[in-house]
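Just so you know, ligand 1 is whichever comes first in the structure, and atom 1 is the first atom listed for that ligand. All residue numbers refer to positions in the sequence shown, counting from 1.
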Amino acid sequence: MSERLKLKTDTLVGFIAVHALALLALLPWYFSWTGVVIFTLGLYIFGVLGINIGFHRLLTHRAFSCPLWLEHTLAILGTSCLQFSPAFWVAIHRRHHHYADEEPDPHSPIKGFLWAHFEWLLVRAPDMKPGPMTDRYARDLLRDPLYAKLERRKNWMKVRLAFFFAGFGYILVRGGSFIEAFQFGSSLFIWGGPLRTVVVWHSTWAVNSVTHIWGYRSYNTPDDSRNNPLIGLLAWGEGWHNNHHADPTSARHGHKWWEIDLSWNTIQLLMLLGLATKVSMPSPNLAATYPKTKTP
Ligand SMILES: [Zn+2]
Ligand SMILES: [Zn+2]
């Protein structure tokens, strides 16, 4: 670790705490089928709608347009994944595309797998301060009063905490003994909060680490991006990362029929409902722009 980088102790403690809470899901006392349902729905609602579609394909790359109420809803869902505010997330990701696998890339595995996966989140780098970063890369978002407000005084974190403890609300409305209600509320909290957060974290982080190391390349992009079928499935389409680097503004990341992209299928549903318009499709010139070469 460079001497200029300082450890973010608060973030490290937060990561350890959330992972430890997630591990409580292994204990039978915290199990409930309702918790499993909330976890599964949470993966889709917060991970797919919030991060993949909201933060990534819509806010970062403007791969489609939608009504402002829907954009803001997707952004709030993404905010509750504890992956920074919308504007800062967008700024980091745009810088990633700008310098993919070069020194200024915030999370390239050229500095090691663990660095790309999560170590970069644990250091205070002088050139990664939210203010200058959002000013440089996400000024369009800061013009929106909601995103600007989330940026101030860590308001995005308050939104996240409200979601985090929502499971315990059940204690107040559920009948039975206090212990039963507490156990049920704890189950919803552990499965729907920390466990879901940890799974979405590692899905997003694997796109930064795994898909810049392992997989096949359909396009000879100047970076090390790869299409990884496992991450393609686990991260709901975000693992077709070489396709994405070849054509960042496309709403569809899976290009071949078997490159399953469930985030894209959701955008197709939004199109059917008339909620997604000006949808960018993969450029027909990609194969000529990035002639295919053998994966080294
Ligand atoms: Zn990438
Ligand atoms: Zn991207």
Side-chain angles (χ1 to χ4, degrees), residues 47-64 71 74-75 78 81 83-84 86-121 128 133-134 136-138 140-141 200-232 234-255 259 261-264 266-267 279-283 286 289-290 295:
V48 176
L49 296 180
I51 296 293
N52 294 4
I53 296 177
F55 275 21
H56 190 204
R57 303 192 195 193
L58 178 61
L59 294 183
T60 303
H61 296 295
R62 294 291 175 194
F64 64 97
E71 178 185 310
L74 296 172
C81 287
Q83 294 191 16
F84 299 125
F88 192 37
W89 197 103
V90 164
I92 291 167
H93 192 64
R94 284 180 180 166
R95 184 162 132 177
H96 166 63
H97 277 272
H98 190 182
Y99 294 108
D101 294 314
E102 295 172 15
E103 171 62 28
D105 182 343
H107 44 64
S108 170
I110 56 172
K111 296 178 185 170
F113 174 83
L114 290 181
W115 171 267
H117 200 65
F118 69 91
E119 277 180 358
W120 69 278
L121 290 159
M128 285 284 287
M133 277 285 287
T134 50
R136 166 79 175 81
Y137 285 103
D140 54 325
L141 265 77
V200 174
W201 270 350
H202 284 279
S203 299
T204 304
W205 297 351
V207 175
N208 296 337
S209 57
V210 175
T211 64
H212 273 262
I213 300 176
W214 297 293
Y216 61 89
R217 284 167 61 80
S218 298
Y219 306 103
N220 189 22
T221 54
D223 48 68
D224 294 329
S225 59
R226 300 281 198 273
N227 291 325
N228 185 298
L230 182 64
I231 308 301
L234 293 181
W236 298 69
E238 296 286 283
W240 310 118
H241 203 56
N242 175 242
N243 294 348
H244 175 54
H245 271 273
D247 198 359
T249 56
S250 168
R252 179 179 179 172
H253 291 192
H255 289 180
E259 291 175 341
D261 181 357
L262 292 167
S263 299
W264 161 242
T266 300
I267 294 172
V279 180
S280 292
M281 297 298 289
S283 162
L286 282 181
T289 309
Y290 301 109
T295 302

Undergrad: Rounded at 0.5 Å granularity, tell me how far CZ in R57 sits from CZ in R62.
TA: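 Interatomic distance, R57 CZ to R62 CZ, rounded to 0.5 Å: 15.5 Å.
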
Undergrad: Between H107 and H212, does any side-chain donor sit less than 3.5 Å from a side-chain acceptor?
TA: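 Absent: no donor and acceptor within the cut-off.
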
Undergrad: Give a yes-or-no answer on whether the side chains of H98 and Y137 include a donor-acceptor pair shorter than 3.5 Å.
TA: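 On atom types as modelled, these side chains qualify, holding a pair under 3.5 Å.
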
Undergrad: Rounded to the nearest 10°, what angle sits at the Zn ion (ligand 2) between NE2 of H61 and NE2 of H93?
TA: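 Roughly 110°, rounded to 10°.
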
Undergrad: For the Zn ion (ligand 1), does an N/O/S atom of H245 lie at less than 2.8 Å?
TA: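 Yes - counting backbone and side chain alike, H245 has an N, O or S atom under 2.8 Å.
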
Undergrad: Closer than 2.8 Å to the Zn ion (ligand 1), do we get an N, O or S atom from H96, backbone or side chain?
TA: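 So H96 does bind the Zn ion (ligand 1) by this criterion.
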
Undergrad: Name whichever N, O or S atom of H241 ends up nearest to the Zn ion (ligand 1).
TA: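 Per the distance ranking, H241 contributes NE2 as its closest N/O/S atom to the Zn ion (ligand 1).
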
Undergrad: Check whether S225 reaches the backbone of T221 with its side chain - one donor and one acceptor, N or O, closer than 3.5 Å.
TA: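 Answer holds: no.
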
Undergrad: Could you check whether H255 and Y219, counting side-chain N and O atoms only, form a donor-acceptor pair closer than 3.5 Å?
TA: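 Yes, because at least one side-chain N or O of Y219 sits under 3.5 Å from a partner of the opposite role on H255.
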
Undergrad: Could you tell me which N, O or S atom of H56 is nearest to the Zn ion (ligand 2)?
TA: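 Of all N, O or S atoms in H56, the Zn ion (ligand 2) lies closest to NE2.
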
